[in-house]
Amino acid sequence: MSKMIENLFYSKMGQTLMNAVGVKKPLTLQRYQGETPWVKGEVLLAHEASHALQQVLKDAEIKSQVFSEEDSSSYDALLMDATEFKTIEQLQSLKTFFSQHAAQLPVSGRIVILAKAPSYWSGLEQASVMEALNGFTRSYAKEMGRKGVTVNLVYMEGQISHSLATPLNFLLSHKASYISGQPLYVQSHNGEPASFNWQQPLAGKVALVTGAAQGIGAAIASTLTRDGATVIGLDILPAKEALDATMAKLNGISLAADITSDHVCQDIQEALKGKTLDILVHNAGITRDKTLARMPDHFWELTLNINLNAPIQVTQRLEQQNLLSQQARVICISSISGIAGNVGQTNYAASKSGIAGYVRHQASLWQHTGKTINAIAPGFIETQMTDQIPFMTREMGRRMNSLSQGGQPQDVAEGVALFAQPNSQGLSGQVLRVCGQSLIGA
């Protein structure tokens, strides 16, 4: 019945009726299809790039131009370097540049603003100006979302360096179609960047993805494989058939195991066959929803144990047993529910908020190592699980973001792949929201 209502809603007649009452069909977002380099079109710069930024654009193979009245070239993205803004008056250039050029962006166009973290500045006005960019980005993203355009902010924690190349390329590409209104913090690193293959940046890497049988986990495993990694997919024994089928398509390794068991790390070690893990993705998770007063104790305990305790314990044990490589990338799946909360999900929200706290603290412990840890917080993502939600509830979930639609498992997987890359060493302790800029808790 729910599917029949949905088909009617999205039929030509249904959309005509919805348009009459002001409910428009969501725009079709472009997503990454294997382009190399990731940014295909030209990027329009607000002003002449500094030498450091020019080098980053060159390293990232990004084609760019500075606007001139004589030039009528088309462009797919806008980039403003605001790292040297020091006065409130300089914020006027935001209005001038974007009001003149944003209207020419296509659907799935990109806008990125570069800034220095407010903590970098000692002066009150400079710090305030940098923080003002955050509010501008969030608000402008809500305006541009109606046109399918994303707006994001990159804070440099230090000087512009090669650490910026990969995250900048990501946010300017169709890999970031469902990410908008978000600040990303990039730590500056000296030295030469690792050799990089834009087509297969994870070539030679070994990854473990938990909860990999289907849905978001399967999409993560597929995307990491696409980028060159060998993937070990882990899921519970009842999901073994689906897990085997998923991993067979990817030429990966299937591991049926309980992530909460005492011997799971031994199972992982056997699957590694003498290798170490370069990428560890904690995707396995459950929901056991009830209001707090009616929640059985085992609902609470099971959710916290699988969603929060297992990622912490497994990561610690793997590190203690030297099964994580020196440049390991750990990525945990959090949730918008952990940021905004949700009725009947006190256990789930606590576990996912706990993941964010774990990631931030573990990042500080790994600060002077080659390891990084980050989290992805998905919003409403179209999966088999959300297909079971009644149509009107599902449609409301889809619409409650700036892009007015649900995300795809690939959107989450692309965020994971960003954090998994060798040249993402400047990203650690982040919680990246893949939610189309959720209007709740944003």
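Qualifying side-chain contact (heavy atoms from CB on, under 4.5 Å) partners for S177, counting only residues two or more places apart in sequence or in other chains: L29, R31, R110, H174. In this view, R146 and E143 satisfy the side-chain contact (heavy atoms from CB on, under 4.5 Å) rule, not counting sequence neighbours.
Nearest heavy atoms, N283 versus T210: N-OG1, 2.9 Å. In terms of heavy atoms, R360 sits closest to G429 at CG-O, 3.7 Å. Scanning all heavy atoms of the two residues, the minimum distance from V112 to V154 falls at CG1-CG2, 4.0 Å. Taking all atoms of both residues into account, the shortest heavy-atom contact from T223 to A413 is OG1-CB, 3.3 Å. The minimum heavy-atom distance between V151 and S180, with the atom names listed, is N-OG, 3.1 Å. Contact detail for L403 and N401: the closest heavy-atom pair is N-OD1, 3.0 Å.
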| How far apart are the C-alpha atoms of M295 and N347, what are their side-chain angles, what is the distance that settles it, and do they pass the side chain to side chain contact (heavy atoms under 4.5 Å, CB included) test? | CA-CA 9 Å; M295 185 179 295; N347 52 354; 3.5 Å; yes
| message | Would D76 and L105 count as a side chain to side chain contact (heavy atoms under 4.5 Å, CB included) here? Give the steps. | response | CA-CA 6 Å; D76 292 340; L105 288 173; 5.7 Å; no
| query | Would E35 and W198 satisfy side-chain hydrogen bond (donor to acceptor under 3.5 Å, both in side chains), going step by step from the backbone distance to the final call? | reply | CA-CA 9 Å; E35 300 91 351; W198 289 110; over 6 Å; no
| field | Worked check of side chain to side chain contact (heavy atoms under 4.5 Å, CB included) between I232 and V209 | value | CA-CA 6 Å; I232 301 170; V209 180; over 6 Å; no
| request: Could you check L272 against L277 for side chain to side chain contact (heavy atoms under 4.5 Å, CB included), going step by step and ending with a plain yes or no? | output: CA-CA 8 Å; L272 284 169; L277 272 179; 3.8 Å; yes
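Two residues are said to be in side-chain contact when any heavy atoms from C-beta on lie closer than 4.5 Å; H282 and Y358 fail this criterion. Between W300 and T346 the shortest side-chain heavy-atom distance falls below 4.5 Å. Under the 4.5 Å side-chain criterion, counting only non-hydrogen atoms from C-beta, E301 is not in contact with F299. In this structure, the side chains of D411 and I179 stay at 4.5 Å or more apart for every pair of heavy atoms. Inter-residue side-chain proximity for L427 and V186 is flagged as met; some heavy-atom pair is nearer than 4.5 Å. In this structure, I253 and V231 have side chains that are not in contact, with every pair of non-hydrogen atoms separated by 4.5 Å or more. In this structure, V314 and V264 have side chains that are in contact, with non-hydrogen atoms separated by less than 4.5 Å. Residues T137 and S139 fail the side-chain proximity criterion, which asks for heavy atoms closer than 4.5 Å.
Summarising the local packing, CD of E241 is surrounded by 12 or fewer heavy atoms from other residues, nucleotides or ligands at distances under 6.0 Å. Atom CG of L365 has more than 12 neighbouring heavy atoms from other residues, nucleotides or ligands inside a 6.0 Å radius.
Annotation: cation-pi geometry satisfied between K175 and Y32 (NZ/CZ under 6.0 angstrom from ring centroid, within 45° of ring axis).
Once rounded to the nearest 0.5 Å, the distance linking CD of Q430 with OH of Y185 reads 8.5 Å. Atom CD1 in I111 sits 10.5 Å away from atom CG in L172 (nearest 0.5 Å). T276 contributes atom OG1, which lies 11.5 Å from atom CD of Q269 (distance to the nearest 0.5 angstrom). Atom OG of S163 sits about 8.5 Å away from atom CD of Q187, to the nearest 0.5 Å. With rounding to the nearest 0.5 angstrom, the OG1 atom of T303 is 4.0 Å from the CD1 atom of I286. Separation of atoms OG1 (T260) and CG (N307) is listed at 11.0 Å; rounding is to 0.5 Å.
No donor-acceptor pair closer than 3.5 Å links the side chain of D235 to the backbone N or O of A256. Side-chain atoms of Q405 do not come within 3.5 Å of backbone N or O of R399 as any donor-acceptor pair. In this structure, T230 contributes its side chain and V206 its backbone to no donor-acceptor pair below 3.5 Å. In terms of modelled atom types and a separation under 3.5 Å, the side chain of D227 and the main chain of Q200 share no donor-acceptor contact. One N or O on the side chain of T246 and one on the backbone of A242 form a donor-acceptor pair closer than 3.5 Å. With T315 contributing its side chain and I312 its backbone, the two residues share no donor-acceptor pair below 3.5 Å. With hydrogens and angles disregarded, no donor-acceptor distance shorter than 3.5 Å links the side chain of D59 to the backbone of A165. Remark: the backbone N or O of A350 is not paired with any side-chain donor or acceptor of S353 at under 3.5 angstrom. Between the S424 side chain and the A420 main chain, no donor and acceptor come within less than 3.5 Å of each other.
Side-chain atoms of Y155 and N134 include no donor-acceptor pair closer than 3.5 Å. Under 3.5 Å, the side chains of Q437 and S402 contain a donor-acceptor pair of N or O atoms. S254 and D244 share a side-chain donor-acceptor pair at under 3.5 Å. Under the 3.5 Å distance criterion, with hydrogens and angles disregarded, no donor-acceptor pair is assigned to the side chains of W38 and E414. Side chain to side chain, S325 and D278 meet the donor-acceptor criterion of an N or O pair below 3.5 Å.
Ionic pairing of E157 and K116 is not present here: no N-O contact between side-chain nitrogen and carboxylate oxygen is shorter than 4.0 angstrom.
Using cut-offs of 30° and 60° on the angle between ring planes, the pair F98 and Y140 is tilted.
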Could you list the donor-acceptor pairs under 3.5 angstrom formed between side-chain atoms of residues 328-338 and any protein atom two or more places apart in sequence or on another chain?
| unit_1 | atom_1 | unit_2 | atom_2 | d |
| --- | --- | --- | --- | --- |
| R329 | NE | Q421 | O | 3.1 |
| R329 | NH1 | Q327 | O | 3.1 |
| R329 | NH1 | G370 | O | 2.9 |
| R329 | NH2 | P422 | O | 2.9 |
| S334 | OG | K352 | O | 2.8 |
| S335 | OG | S337 | N | 3.0 |
| S337 | OG | Q345 | OE1 | 3.1 |

